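Inspection log for the structure reproduced underneath, given as structure tokens.
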Amino acid sequence: MADLIVRNARITTLDRDNPSATALAVADGNLLAIGNDAEVMAHATAKTRLIDAGGRRLIPGLNDSHLHLIRGGLNYNMELRWDGVRTLADAMAMLKAQVARTPAPQWVRVVGGFTEHQFAEKRLPTLKELNEAAPETPVFILHLYDRALLNRAALRAVGYTKDSPDPPGGQLERDKAGNPTGLLLAKPNALILYATLAMAPRLPPEYQLNSTRHFMRELNRLGITSVIDAGGGFQNYPDDYEVIQKLHADGKLTVRIAYNLFTQKKGGELADFDRWSRTLKPHEGDSMLRHNGAGEMLVFSAADFEDFREPRPELPQGMEGELEDVVRLLAERRWPFRIHATYDESISRVLDVYEKVNREVPFDGLHWFIDHAETISERNIERVRGLKGGIAIQHRMAYQGEYFAERYGSEALKRTPPVRRMLDAGVPVGAGTDATRVASYNPWVALYWMVSGRTLGGLSMYSDDNRLEREEALRLWTHGSAWFSHEQERKGRLMVGQYADFALLSSDFFSVPEEAIKDISSVLTVVGGKVVHGTGDFGPLAPVLPDPMPDWSPVSRFGGYQGGSLAQARAVLATPCGVHGHGKDHAAHHHTPSGDLRGFWGALGCLCYAF
């Protein structure tokens, strides 16, 4: 009999034999029944929890096939998110408010998830504006893979001076006297950006546990129930995995995680995978936390970081030999693998290696895939299909399409990536975000991009032949992504026997205008039959989350993604103001103090007049 029944819903199952329903029943974490209300209610007992969905759209839980959740969770509470902020003026007001709340020697950091093109002003803040906003508190702003902005206090904190040489792979912009201005440029990769960020203070382990829980709840709020973690730079195994392992042991994971291991040291890649593959079996773990293989970095020489403001990087000679050694080891030990590859030229050379290894050590059903593939050719799509691999795509072009068009032209932009061609070829395709340091983790921005073919700045990139219907896009975000963790038989569709992972939406994805897709969230998210997020009438059903740590965390004031939905606006309005001590809705009944910067936003960070 059922532990939980949700009825009076408009359910999109993605099961081709039973595409729609109005109710579903859950038992022991799996779907017990799905159909109309009368059929499903036959499984109810006096102990069954009943939820009336109020006619809302219900979908399978979203699954991000490329997210840096483990690394992102360790840092989430430290970061001010500009994701979704519509104007630079609002972004800078948030920054000023956070500067006032941040104690020395902590930094205010904005780490990816936004593009200058999303702002009405179509620009980043100037260094002068940063220094005026934060004369003493270090500020670090990471913009995509291309640059970081540091104020003078941050330059002092990291020790960049007139005598500092340019770090490998990067450039310090300097004034006429040779002093660093605070602009760091990635030339040709992001090492300088990430190495500088790594100098910032870290949270202690207890706070990292709290931070990761808040990040998972934020993902749940957006309807995410599963992710495939792509490792990441400065994410060392096993040390930086202790927090996620602890949360798993304590039963506090609210997102299913399949994690890949990312080698960290150039020249030590083969030794890393040899050591790890002797102690970890493929897919070791359980349904909430499991190993998923190698990558996205297999060897450093094969990485072609995308910065479309810079020319395409050429992979070095000798890459093939290094990659061949690693891939042969992984194939012999039956470890799945993924690799970061942006450009078709890089993919061609990678596939040369894969085909050679496959002739000697057949992949034979081993799940492997390419991440990103923005400029992959039809020929290489066919090669991927021939080796029975997959392609994981992300919405990075929604943030960088303007830069790509400027360098390569609008015609080339139409196929970045050629998703329709991948699907027509029958290649497994999974969708994701590549959050948190480039694009935002918000899946609805990615779904908007796939459906509309537009950037966040409004640039139309794709013709109809490379845009997806809404159900097609949703399928890539659910059942499509499940292939990439070898779980396509257990998740991604609402069918009897599948995991009971689903989300009840704030707006109907299938009927709202395209522009409104970006502002969808979940009002009720369920993982394994357990409510992990609820808002509004469903709020009391979700477990209470401890307050963000530390108490000055940007999350405690601003939350995460700054969407424009009415539900989010009401949630912020209902939060007591630390300055005036009452709900922010009092602003509607008072004169807005536009001449008083402290009262309007200012040093105390009051949000009373923000709405």
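This structure is a prediction, so every number in the text was calculated from the model and none was measured. Starting from 1, each residue takes its place in the sequence as its number.
- One side chain, Asn77 or Asn210, offers a donor N or O that lies under 3.5 Å from an acceptor on the other.
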Chi angles and distances behind the side-chain hydrogen bond (donor to acceptor under 3.5 Å, both in side chains) call for Asp344, Asn380: CA-CA 8 Å; Asp344 188 59; Asn380 280 336; 2.7 Å; yes
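- A donor-acceptor contact closer than 3.5 angstrom links the side chains of Thr525 and Ser522.
- Considering Arg123, Arg309, Lys122 in turn, Arg309 is the only one that fulfils the salt bridge (charged side-chain N to carboxylate O under 4.0 Å, His left out) rule with Glu116.
- Residues satisfying the side-chain contact (heavy atoms from CB on, under 4.5 Å) criterion with Thr212, sequence neighbours excluded, are Leu74, Met216, Val243, Ile244, Leu247.
- Between the Ser553 side chain and the Met549 main chain, no donor and acceptor come within less than 3.5 Å of each other.
- For the residue pair Arg101 and Ser556, a side-chain donor N or O sits within less than 3.5 Å of a side-chain acceptor on the partner.
- Asp229 and Arg256 are not joined by a salt bridge, as no carboxylate oxygen comes within less than 4.0 angstrom of a charged side-chain nitrogen.
- Closest approach of Ser507 and Val512 over heavy atoms only: CB-CG1, 3.6 Å.
- Between the side chain of Ser211 and the backbone N or O of Tyr207, no donor-acceptor pair lies under 3.5 Å.
- Under a 4.0 Å N-O distance rule, the pair Asp166/Arg174 qualifies as a salt bridge.
- Between the side chain of Asn151 and the backbone N or O of Phe140, no donor-acceptor pair lies under 3.5 Å.
- Look at Arg420 and Glu472 and you find a salt bridge, because one of the NZ, NE, NH1 or NH2 atoms lies within 4.0 Å of a carboxylate O, short of that distance.
- No side-chain N or O of Gln400 forms a donor-acceptor pair with one of His117 less than 3.5 Å apart.
- By the 4.0 Å N-to-carboxylate-O rule, Arg467 lies close enough to Asp464 to be salt-bridged with it.
- In the model, Gln106 has no side-chain atom that pairs as donor or acceptor with a side-chain atom of Thr102 under 3.5 Å.
- Of all heavy-atom pairs between Pro548 and Val555, the closest is CG-CG1, 4.0 Å.
- For the residue pair Arg109 and Pro201, the shortest heavy atom distance occurs at NH2-O, 3.1 Å.
- Side chain to side chain, Asn260 and Asn292 meet the donor-acceptor criterion of an N or O pair below 3.5 Å.
- The distance from atom CG of Leu124 to atom OG1 of Thr126, rounded to the nearest 0.5 Å, is 10.0 Å.
- Thr181 is linked by a side-chain contact (heavy atoms from CB on, under 4.5 Å) to Leu127, Glu173, Asp175, Leu183, counting only residues two or more places apart in sequence or in another chain.
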Starting from the C-alpha separation in whole Å, work towards a yes-or-no answer on side-chain hydrogen bond (donor to acceptor under 3.5 Å, both in side chains) for Tyr160 and Thr196. CA-CA 10 Å; Tyr160 289 154; Thr196 303; 2.8 Å; yes
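- Under a cut-off of 6.0 angstrom, the local environment of CD in Glu121 is crowded, with over 12 non-hydrogen atoms contributed by other residues, nucleotides or ligands.
- Between the side chains of His66 and Asp371, at least one donor N or O sits under 3.5 Å from an acceptor N or O.
- With 3.5 Å as the limit, one finds a donor-acceptor pair spanning the side chains of Thr342 and Arg396.
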Checking salt bridge (Lys or Arg N to Asp or Glu O under 4.0 Å) for the pair Glu345/Arg349: CA distance, chi angles, key distance, verdict? CA-CA 7 Å; Glu345 292 82 355; Arg349 292 177 61 183; over 6 Å; no
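- The heavy-atom pair separating Arg421 from Ile381 by the smallest distance is CG-CD1, 3.7 Å.
- Using modelled atom types, no side-chain atom of Glu306 and backbone atom of Asp304 make a donor-acceptor pair closer than 3.5 Å.
- For Lys414, the salt bridge (charged side-chain N to carboxylate O under 4.0 Å, His left out) partners at least two apart in sequence or on another chain are Glu411.
- Relative ring orientation between Tyr399 and His395 is described as perpendicular, the plane-to-plane angle rising above 60° on a 0-90° scale split at 30° and 60°.
- For the residue pair Ser226 / Asn63, no side-chain donor-acceptor distance below 3.5 Å is found, with atom types taken as modelled.
- Listed here is the closest heavy atom pair of Thr478 and Gly61: CG2-O, 3.5 Å.
- Across all non-hydrogen atoms, the minimal contact from Tyr561 to Tyr441 is N-OH, 3.0 Å.
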